[in-house]
Amino acid sequence: MLTTLFTHPICLEHDTGLGHPECSDRLRAVLAALEAEDFHLLERAEAPLATTEQIARVHPLAHIERVMAAVPEDGHAGVDADTVLSPLSGQAALRAAGAVCAAVDSVASGRSRNAFCAVRPPGHHAERAKAMGFCLFNNVAVGALHARAVHGLQRVAVMDFDVHHGNGTQDIFQDDPDLLYCSTHQSPLYPGTGDPGEKGEYGNCVNAPLPAMAGSPEFRHAMAHIVLPAIDHFKPDLIMISAGFDAHSRDPLASLHLMDDDFAWATRKLGDLARTHCGARVVSVLEGGYNLRALASACAAHVRELMAA
Ligand SMILES: [Zn+2]
């Protein structure tokens, strides 16, 4: 069984404006890195549009309508100072969420062993009823609820190693005992959530904040002693990864010091748990990462491990 890459060219057309860190070149850098010889066995698939039904498992219809209504006919429009839309942003957001649903379908049916969704806009800051932090729809949450509704994969664990806390995913998961949200993130940092005391209604949110300047030892310690045991104990039917690469040492938006090998290590450990609990099923979704070279090399290290899982 293969690792499948889900993406769509329209994700490059989500234009956030000059100088915005969440730019098309990010996805170009990732896709270029995945053209290397190492990835010739990576299966490539076109992301479909998510349906309203798929997105509405997570977001109220009013939120979906609000996002789509905010898409400008030309130029740019912002739902907040950071979260900017251009004419094709709505289509890109639907492909991003659709990629994750298709990845879940592929992994659940056994067509792929695991999958990586190279998409933008990212998703983990999008709360149930609020777009924010470059995110419109919560792609990973849409995939998680799709896995349950369509494939009966009841228990879904998300590990989010983006340097920012995934306040949106936590907001969506926190009152559902069959959804586990785990995060390592820099604190204090945007969006300000992710205190270890935020445990969710059923102890199903696990937050492991790291101080600025923390690096590989602190990250691996938090993974080994907090995150991985929580996922092991949860016994998921599917593991999903909110794969942001902005905890990389070279990232300009934050101050953690992870290296490519740390992302590879975390991917390997999550793959081991997936093999133990859920037939190796892993769906990984691109979130942040703002130094283009670091993003490309760390993401390549991540996908290389998925292919080796
Ligand atoms: Zn981030």
Side-chain angles (χ1 to χ4, degrees), residues 11 14 16 19-27 29-30 79-84 92-93 96-97 100 116-127 130-141 158-173 181-195 198 205-215 218-219 222-223 227 240-260 262-263 266-267 284-299 301-302:
C11 291
H14 164 53
T16 49
H20 196 292
E22 203 294 281
C23 59
S24 300
D25 282 345
R26 297 181 57 244
L27 182 54
V30 164
V79 297
D80 63 33
D82 300 327
T83 313
V84 180
V100 188
F116 179 67
C117 301
V119 292
R120 56 187 290 278
H124 74 152
H125 293 305
E127 297 183 349
K130 187 179 181 190
M132 60 180 273
F134 317 160
C135 302
L136 302 177
F137 301 132
N138 195 307
N139 303 319
V140 83
V158 169
M159 167 54 201
D160 182 338
F161 55 61
D162 189 282
V163 81
H164 303 96
H165 181 245
N167 60 294
T169 313
Q170 177 170 290
D171 172 61
I172 293 156
F173 278 29
Y181 176 69
C182 300
S183 175
T184 54
H185 48 274
Q186 183 182 326
S187 178
L189 190 67
Y190 181 90
T193 49
D195 186 89
E198 297 167 25
C205 295
V206 175
N207 286 303
L210 300 168
M213 311 311 284
E218 294 88 350
F219 171 71
M223 286 292 291
V227 171
M240 302 185 74
I241 303 176
S242 264
F245 299 95
D246 41 8
H248 197 284
S249 193
R250 289 206 297 273
D251 197 90
L253 295 198
S255 312
L256 293 189
H257 287 288
L258 301 194
M259 306 300 286
D260 292 355
D262 295 308
F263 296 103
T267 308
S284 175
V285 185
L286 182 64
E287 300 282 2
Y290 303 99
N291 175 292
L292 297 182
R293 286 180 58 192
L295 169 65
S297 65
C299 189
H302 172 62

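The structure displayed is predicted, hence computed values, not measured ones. When a ligand or atom number is given, it counts from 1 through the structure's own listing order.
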### Task
Look at His164 and state whether any of its N, O or S atoms is less than 2.8 Å from the Zn ion (ligand 1).
yes
#### Entry: Short side-chain to backbone donor-acceptor contact, Asp246 and Val163, under 3.5 Å
yes
### Message
Closer than 2.8 Å to the Zn ion (ligand 1): does that hold for any N, O or S atom in Glu287?
### Response
no
### Query
What is the name of the N/O/S atom in Asp162 that sits closest to the Zn ion (ligand 1)?
OD1
### Query
Of all the N, O or S atoms in Asp246, which one sits nearest to the Zn ion (ligand 1)?
OD2
### Message
With side-chain hydrogen bond (donor to acceptor under 3.5 Å, both in side chains) as the rule and sequence neighbours excluded, what pairs involving residues 186-195 come up?
### Response
His165-Thr193
### Query
Is there a donor-acceptor pair under 3.5 Å between the side chain of His124 and the backbone N or O of Gln170?
no
### Query
Under the side-chain contact (heavy atoms from CB on, under 4.5 Å) test, which residues partner Asp260, sequence neighbours left out?
His248, Ser297, Ala298, Ala301
